[in-house]
Number of protein chains: 2
Amino acid sequence: MTDVAQRSGVSIASVSRALRGESGVSPATRERILTAARELAYVVSPEASRLSGGPTGRVGVVVPRVDAWFYSTVLAGIAGEFDAVGVDLVLCALPDHPARHRFFEALPLRRKVDAVVVVSVPLTTRERSRLTQLGLPTVFVGGHHPRDGQPWVGIDDELAAQQAVGHLLRIGHRDIAMIQAGDNEGIPWATNEARIRGFHRMVSEAGLGDSTVVTVEWGIDGGARGMETLLSGPELPSAVFCHSDEIALGALRTLRRSGISVPHQISVIGVDDHPSADLSDLTTVAQPVCQQGQIAARQVLAHLDPDAVQAPAEVTTLPTRLVVRGSTAPPR
Amino acid sequence: MTDVAQRSGVSIASVSRALRGESGVSPATRERILTAARELAYVVSPEASRLSGGPTGRVGVVVPRVDAWFYSTVLAGIAGEFDAVGVDLVLCALPDHPARHRFFEALPLRRKVDAVVVVSVPLTTRERSRLTQLGLPTVFVGGHHPRDGQPWVGIDDELAAQQAVGHLLRIGHRDIAMIQAGDNEGIPWATNEARIRGFHRMVSEAGLGDSTVVTVEWGIDGGARGMETLLSGPELPSAVFCHSDEIALGALRTLRRSGISVPHQISVIGVDDHPSADLSDLTTVAQPVCQQGQIAARQVLAHLDPDAVQAPAEVTTLPTRLVVRGSTAPPR
DNA sequence: CTGAAAGCGCTTACAG
DNA sequence: CTGAAAGCGCTTACAG
């Protein structure tokens with residue numbers, strides 16, 4: 001900053017003001033300073049800035065894991081928006097219980113970032129209160145709507161389930177099972193609860209009787225096992241609604257290996273529109289994923305600097321869309 | 001820290017030394033200081049620490065993009081290792097030319113991190129020199145071996161290609177085409193070059209004549225178009241070696257839509273062992289991905305604190321492994 | 001609009 | 001072993 005000040009012939013105070021776009025600097029000097037800064041490829045030291053009461057220029061992003069399509073795509077959306085305004089992204093993945101525990105107890109993000117984006121992490125009361133103790137603006141992607149009116153972006157999971165099951169009903173299925181993703185370490189995922197609620201609502205509104213629901217661990221293998229369970233039952237349902245595409249893809253794998261023909265003997269539908277859904281010709285309910293990240297990012301950025309970014313609505317529910325492919329057909 | 005100094009009746013210099021476990025503090029004072037610190041629930045300010053010459057406790061990770069299986073999986077491996085030792089991960093994605101340009105010209109990582117991990121980003125000479133200007137320890141994952149002996153971890157891409165083509169030759173194929181991923185924005189990807197080299201070597205060592213190579217944009221759609229090109233040729237090869245699984249998956253999609261049976265009419269093989277390869281029954285050459293991230297992470301961490309982490313070899317080449325599935329069979 | 005100066009909370013030579 | 005002091009690179013009243 002001293003270099004920039006020298007090069008533009010002003011004091012560091014003016015540089016600081018100009019760089020932060022503060023009012024009270026004449027357009028001419030501002031221009032000169034910005035040019036000098038660009039020429040020197042100057043970047044502010046977040047430490048010094050922070051130490052003197054400024055922001056860190058960093059935002060923490062918390063994801064359950066990064067090596068899953070949904071999260072990495074949300075992350076890409078966030079990263080793109082941050083990059084555009086020069087905000088650094090500090091990534092926190094909580095793939096297992098120890099990592100999760102460490103995160104909420106030690107609060108490693110404390111004093112290191114200006115805000116936090118929490119992606120799809122279901123929170124216990126304790127965890128929610130720890131997060132509050134960070135004292136940082138926080139926006140949530142997916143899962144529970146925060147009760148206290150904090151910014152949120154996501155889809156209507158119950159509606160998504162209804163769209164999927166509605167499609168099955170519409171083409172004539174009466175015997176529909178569901179493969180549901182189980183709770184992770186005893187913490188209820190709002191997404192799961194909403195999707196199963198949507199399923200039950202549609203089934204009961206259609207006046208159908210009891211329907212089979214098997215609960216498995218989330219993922220392709222979970223889906224595969226879920227379908228094995230259904231195959232071992234007394235009679236095969238004519239259609240299966242899967243909690244998500246990864247579950248559905250696992251289910252398809254089991255069916256293929258069992259020589260059961262899709263959609264002739266059984267229809268399968270998922271939720272997400274995972275890239276593999278297209279490859280596997282899986283009917284699904286698509287949700288915008290990258291966009292959820294982008295909107296969440298804009299929400300935090302608007303919070304940090306209302307002038308820089310057009311603020312999206314505090315709570316944004318994005319639409320989902322039925323995508324019919326080859327894995328669903330009327331029952332025989 | 002002033003509080004701790006007062007409470008234990010020493011100078012802040014001694015407190016700083018005692019807290020960092022530096023030698024040169026008498027056991028008695030050290031004890032007194034640690035007790036006082038505990039009583040006051042004192043935590044050092046990372047900002048102040050950094051500003052006075054300490055480390056940032058942060059490492060930058062640069063990836064071409066985060067929403068692709070390979071990169072997000074490497075990232076997960078890195079994140080896990082960092083988390084275990086309390087190092088923060090600053091994520092930089094360079095999905096397009098502007099982002100890439102901004103990164104190398106503005107060097108937003110400067111003064112913000114203690115080291116950098118560069119994942120699979122092919123570098124121009126200019127970019128390499130900019131990176132050097134950061135003056136930070138850097139480790140590379142995949143792509144070119146850095147000439148100057150910097151730490152590197154990856155696989156032998158040429159060998160991987162040979163394993164794939166070797167399999168096709170072994171089961172009797174004589175007419176093998178390749179779908180190759182093209183250069184991205186004019187920058188040659190070492191991975192691409194090595195894989196095509198391996199292909200040509202195997203084909204010529206087998207004494208086969210000219211073989212068709214089509215070059216497409218990386219990704220599923222690229223692979224699909226590549227196969228369309230092959231289909232429009234004079235005669236269908238009996239087997240196709242694809243640069244990677246995503247290309248192969250696209251190729252399979254085209255074949256399915258064209259009603260061409262795999263492996264009966266044509267064999268397809270890829271490289272990676274992408275999760276979808278299993279779902280699509282694709283034969284491939286598997287590479288360890290998460291592990292590449294873990295090793296790279298340990299390399300940086302060992303660099304930053306040789307005592308804390310067991311250092312892996314400076315250059316680590318991980319083995320690849322042929323995984324035979326249903327998409328390859330002897331020619332008719 | 002602009003600058004001189006204090007201060008953020010540490011680390012690190014430099015003396016003692 | 002211990003302390004006084006400079007300085008890290010900023011922001012922010014406070015003057016001009």
Side-chain angles (χ1 to χ4, degrees), chain A residues 1-37 40-58 86-88 110-114 135 304-305 307, chain B residues 1-37 40-58 86 88 106-114 134-136 304-305:
Chain A
M1 183 171 267
T2 317
D3 297 341
V4 179
Q6 266 178 354
R7 190 179 187 101
S8 45
V10 295
S11 69
I12 58 163
S14 295
V15 175
S16 173
R17 285 189 278 253
L19 255 29
R20 277 172 304 116
E22 234 178 38
S23 65
V25 188
S26 73
T29 14
R30 181 183 304 271
E31 188 53 44
R32 205 142 33 86
I33 290 167
L34 294 181
T35 306
L40 294 167
Y42 171 80
V43 260
V44 296
S45 152
E47 282 66 38
S49 168
R50 177 66 190 151
L51 198 53
S52 332
T56 63
R58 263 174 254 137
V87 161
D88 292 324
R110 197 175 15 162
R111 302 157 82 192
K112 291 181 181 168
V113 296
D114 302 326
L304 297 179
D305 182 358
D307 302 329
Chain B
M1 184 173 267
T2 318
D3 297 341
V4 178
Q6 266 179 353
R7 190 179 187 106
S8 43
V10 296
S11 70
I12 58 164
S14 296
V15 174
S16 174
R17 284 189 277 255
L19 254 30
R20 276 172 305 116
E22 231 179 41
S23 65
V25 187
S26 74
T29 18
R30 181 183 301 271
E31 187 53 44
R32 204 143 34 86
I33 290 168
L34 294 181
T35 306
L40 293 168
Y42 172 79
V43 232
V44 296
S45 152
E47 284 69 35
S49 169
R50 169 56 186 160
L51 198 52
S52 342
T56 63
R58 259 172 260 138
D88 291 325
L107 294 180
L109 244 30
R110 196 172 22 155
R111 301 151 83 198
K112 290 180 181 171
V113 297
D114 301 326
L134 273 177
L136 294 172
L304 297 180
D305 183 359

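Below, chain A is the first sequence line, B the second, and so on; all start at residue 1. Only a predicted model underlies this, so the values are computations on that prediction, with no experimental measurement involved.
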For this session: Can you tell me the distance, in whole Å, between the CG atom of A:Asp114 and the C1' atom of D:dC10?
Result: 14 Å
Seminar exercise, completed: Rounded to whole Å, CZ of B:Arg30 lies from C1' of D:dG3 at a distance of 16 Å
Problem set entry | Sub-4.5 Å side-chain heavy-atom contact between A:Leu304 and A:Pro55 | no
For this session: Map every base of DNA chain D to its dot-bracket character, where paired means a Watson-Crick or G-U wobble contact with both distances under 3.5 Å and | marks a partner outside the strand.
Result: |||.||||||||.|||
For this session: For B:Ser8, enumerate each residue passing the side-chain hydrogen bond (donor to acceptor under 3.5 Å, both in side chains) test, keeping only those at least two apart in sequence or located in another chain.
Result: none
For this session: Would you kindly give the NZ-to-P distance between A:Lys112 and C:dG9, to the nearest whole Å?
Result: 18 Å
For this session: Could you tell me whether the side chain of A:Val15 reaches within less than 4.5 Å of the side chain of A:Tyr42, counting heavy atoms only?
Result: no
Exercise. OP1 or OP2 of D:dG3 sitting under 4.0 Å from any side-chain N/O of B:Ser14?
Worked result: yes
Exercise. Residues in side-chain hydrogen bond (donor to acceptor under 3.5 Å, both in side chains) with B:Gln6, at least two apart?
Worked result: none
For this session: Determine: side-chain N/O of A:Ser11 to OP1/OP2 of C:dG3, distance under 4.0 Å, yes or no.
Result: yes
Seminar exercise, completed: 5' to 3', nucleotides 11-16 of chain D under a 4.0 Å protein heavy-atom cut-off (B base, S sugar-phosphate only, - none) gives BBB---
Problem set entry | Which residue lies more 5' along DNA chain C, comparing B:Tyr42 with A:Pro27 via nearest heavy atoms | A:Pro27
Problem set entry | Gap between atom CG of B:Asp88 and atom NZ of B:Lys112 - 0.5 Å precision | 14.0 Å
Problem set entry | Test side chain to side chain contact (heavy atoms under 4.5 Å, CB included) applied to A:Ser26 - qualifying residues, sequence neighbours left out | A:Ala28, A:Thr29
Problem set entry | Any A:Pro27 side-chain heavy atom under 4.5 Å of A:Arg30 side chain | no
Exercise. Reckon B:Thr2 touches a base, only the sugar-phosphate, or nothing at all at heavy-atom distances under 4.0 Å?
Worked result: nothing
Exercise. Is the backbone of A:Ile12 close enough, under 3.5 Å, to the side chain of A:Ser16 for a donor and an acceptor to pair up by distance?
Worked result: no
Seminar exercise, completed: Sorted by chain and residue number, the side-chain hydrogen bond (donor to acceptor under 3.5 Å, both in side chains) partners of B:Arg58 (sequence neighbours excluded) come out as A:Glu47
Problem set entry | Whole-Å gap separating P (C:dC10) and CG (B:Leu51) | 12 Å
Exercise. Rounded to the nearest Å, what distance is computed from the CD atom of residue B:Glu47 to the P atom of nucleotide C:dC10?
Worked result: 10 Å
